[in-house]
Number of protein chains: 2
Amino acid sequence: MHATSSDQLSRLELAAWRGLLRTHSRLARELDRELETAHGLPLTHYEVLLHLEAAPEHRLRMGDLAESVLLSQSGVTRLVDRLECDGFVVRERCPADRRGLNARLTGEGLAKLREARPTHLAGIRERFVARLSEAELRALAAVWTRLRPGID
Amino acid sequence: MHATSSDQLSRLELAAWRGLLRTHSRLARELDRELETAHGLPLTHYEVLLHLEAAPEHRLRMGDLAESVLLSQSGVTRLVDRLECDGFVVRERCPADRRGLNARLTGEGLAKLREARPTHLAGIRERFVARLSEAELRALAAVWTRLRPGID
DNA sequence: GCAATTTCGTTGTCTGGGCAAGTATAATTC
DNA sequence: GAATTATACTTGCCCAGACAACGAAATTGC
C-alpha cells in the first residue's frame with residue numbers, strides 16, 4: 001500500500017476523490033443536455049417536477065423543495081417562477097401557515113414529467129447503472145451512507 | 001433483489017445514483033467554503049494552482065487547463081484573468097505556437113497553494129477519505145474507471 | 001395582549017460560467 | 001504560395017444561482 005501521510009493523499013485516495021468530481025461533472029452535463037435537447041427541460045426543472053410528484057398531493061413547501069433539489073431558497077423561488085410560467089407548477093398560499101407557499105404540480109407538469117422520464121432514466125441507465133454490477137451499486141450506496149455528515 | 005424494469009430504477013440503483021448527486025453537492029460546497037474562509041481562495045482557483053504546480057515547468061496551455069479543471073475554454077479564460085489579477089499566475093505567449101498561451105504559476109501562486117493545501121487536504125480527509133475503508137476506496141476507484149465514457 | 005424574535009419566502013444585486021461570434025495564427029490544399 | 005480551413009484563445013451577451021436585505025406572518029416572553 002501507499003503511505004498515507006497527513007499532508008498528502010495516496011494514489012488510491014486521490015483516484016477515489018477526483019473520480020467523484022470528474023464523474024459527477026460529466027454525467028450532470030450529459031444528462032442535462034440530453035433532457036434539454038429531447039424535451040426542452042433542464043435537469044433542475046425535471047428534478048423539481050420529480051420531487052413534487054413524489055410528495056403527498058403533489059405539493060411541497062418552498063423550503064422543503066429547496067432542500068430536495070439541493071438549491072438555496074432564492075434559487076428555488078426563481079426556479080419555481082420559471083416552472084410557473086411554463087404552467088408546470090402553481091404556487092398556493094398555505095392555509096395552516098400563511099407565510100408559507102406550496103408549490104403544486106399541475107396536470108401539465110405531470111404530463112411533462114412523464115414525457116421526459118423515460119429519456120432521463122434511460123440516460124442514467126446507459127451511463128451509470130448498466131455499467132455497474134450489483135455489488136458495485138451496493139458498494140456505492142454503502143459509501144454514500146458512510147459519508148453522510150455527522151456520522152462518525 | 002428488486003426487479004429492474006426498463007422504465008424505473010430499483011431502490012439500490014436510485015440510492016447509488018442520488019447519493020452521487022447529494023454527496024458531490026454537499027462536499028463541493030463545504031470544501032469551497034472552507035477554502036474561501038480560511039484563505040480567501042475559491043476551490044476553482046485552488047484547482048488551477050494545483051494543476052499548474054503538477055505540470056512541467058509549472059505551466060499549461062489554456063485549453064489543457066480547461067480540461068483539467070472541468071471548465072469551458074471561456075470559463076478558464078476568465079478564471080485565469082482573476083488569478084492573474086491576484087498575481088498567482090501569468091500568461092505567456094507560447095513560442096512554438098503563437099496562437100497559444102501558457103498559464104504559468106508564479107512564486108506567489110505557489111506560495112498560496114502551499115498555504116492552502118493543508119486546509120484542503122484535511123477537509124477531504126475529514127469528510128471523505130478518513131470515513132472510508134481501503135476496500136471502499138478501491139471500490140470507488142474501480143467504479144469511476146468503469147464509468148469512463150467509451151468503455152463498454 | 002403587545003413587544004421582540006424567529007421563520008418563510010421574495011427581491012436587489014452580484015458573480016461565475018456557458019455559448020456563439022470574433023480575432024489571430026497555423027495547417028492544408030490546390 | 002495564395003486561399004481555404006482549422007485551431008487557440010477572447011469577448012459580448014446571457015442566465016442561473018448565491019447572499020443579504022426585506023416584508024409578512026407566526027411564535028415567544030413578559
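This one's a predicted model, so the numbers in the text were calculated from it and none came from an experiment. A note on names: the letters A, B, ... follow the listed sequences, proteins ahead of strands, and every chain is numbered from 1.
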K.L.:
If the threshold is 4.0 Å, N to carboxylate O, is there a salt bridge linking R59(A) and E53(A)?
P.N.:
no
K.L.:
Measure from CD on E92(B) to P on dC9(D) and round the result to the nearest Å.
P.N.:
13 Å
K.L.:
Between D32(A) (CG) and dA16(D) (P), how many Å, whole number?
P.N.:
11 Å
K.L.:
Taking all non-hydrogen atoms of both residues into account, name the closest pair between E13(A) and L9(A) and its distance.
P.N.:
OE1-CA, 3.4 Å
K.L.:
Between the side chains of R18(A) and E47(B), is the shortest nitrogen-to-carboxylate-oxygen separation below 4.0 Å, so that they form an ion pair?
P.N.:
yes
K.L.:
Which residues pass the ring pair (Phe, Tyr, Trp, His ring centres under 6.0 Å) test with H58(B), not counting sequence neighbours?
P.N.:
none
K.L.:
Rounded to the nearest Å, what distance is computed from the CG atom of residue L71(B) to the P atom of nucleotide dC9(D)?
P.N.:
15 Å
K.L.:
Using whole Å, what does the distance between atom C1' of nucleotide dT10(D) and atom CD of E84(B) come to?
P.N.:
13 Å
K.L.:
Using a cutoff of under 3.5 Å, can you pull out all pairs of nitrogen or oxygen atoms linking the protein to nucleotides 8-12 of chain C, with atom names and distances?
P.N.:
residue : atom : partner : partner atom : Å
dC8(C)  : O3'  : R61(A)  : NH2          : 3.3
dG9(C)  : OP1  : R61(A)  : NE           : 3.0
dG9(C)  : OP1  : M62(A)  : N            : 3.3
dG9(C)  : OP1  : L101(A) : N            : 3.2
dG9(C)  : OP1  : L101(A) : O            : 3.2
dG9(C)  : OP2  : G63(A)  : N            : 2.9
dG9(C)  : N7   : Q73(A)  : NE2          : 3.1
dT10(C) : OP1  : R91(A)  : NE           : 2.6
dT10(C) : OP1  : R91(A)  : NH2          : 3.3
dT10(C) : OP2  : T77(A)  : OG1          : 2.6
dG12(C) : N7   : R78(A)  : NH2          : 2.9
dG12(C) : O6   : R78(A)  : NH1          : 2.8
dG12(C) : O6   : R78(A)  : NH2          : 3.3

K.L.:
Counting only side-chain N and O atoms of R82(B), is one of them less than 4.0 Å from OP1 or OP2 of dG17(C)?
P.N.:
yes
K.L.:
What's the CG-P distance between L79(B) and dT10(D), to the nearest Å?
P.N.:
12 Å
K.L.:
With side chains defined as the heavy atoms from C-beta onward, is the minimum distance between H45(A) and L49(A) less than 4.5 Å?
P.N.:
no
K.L.:
Need to verify one output field. Residue with the more 5' nearest nucleotide on DNA chain C, G75(B) or R98(B)?
P.N.:
G75(B)
K.L.:
Begin with the C-alpha distance, continue with both residues' side-chain angles, and end with the deciding distance and a verdict on side chain to side chain contact (heavy atoms under 4.5 Å, CB included) for L101(A) and R61(A).
P.N.:
CA-CA 6 Å; L101(A) 292 174; R61(A) 290 289 290 265; over 6 Å; no
K.L.:
Whole angstroms only, please: what is the CG-C1' distance between L83(B) and dG17(C)?
P.N.:
15 Å
K.L.:
Rounding to an integer number of Å, can you tell me how far L43(B) CG sits from dG16(C) P?
P.N.:
14 Å
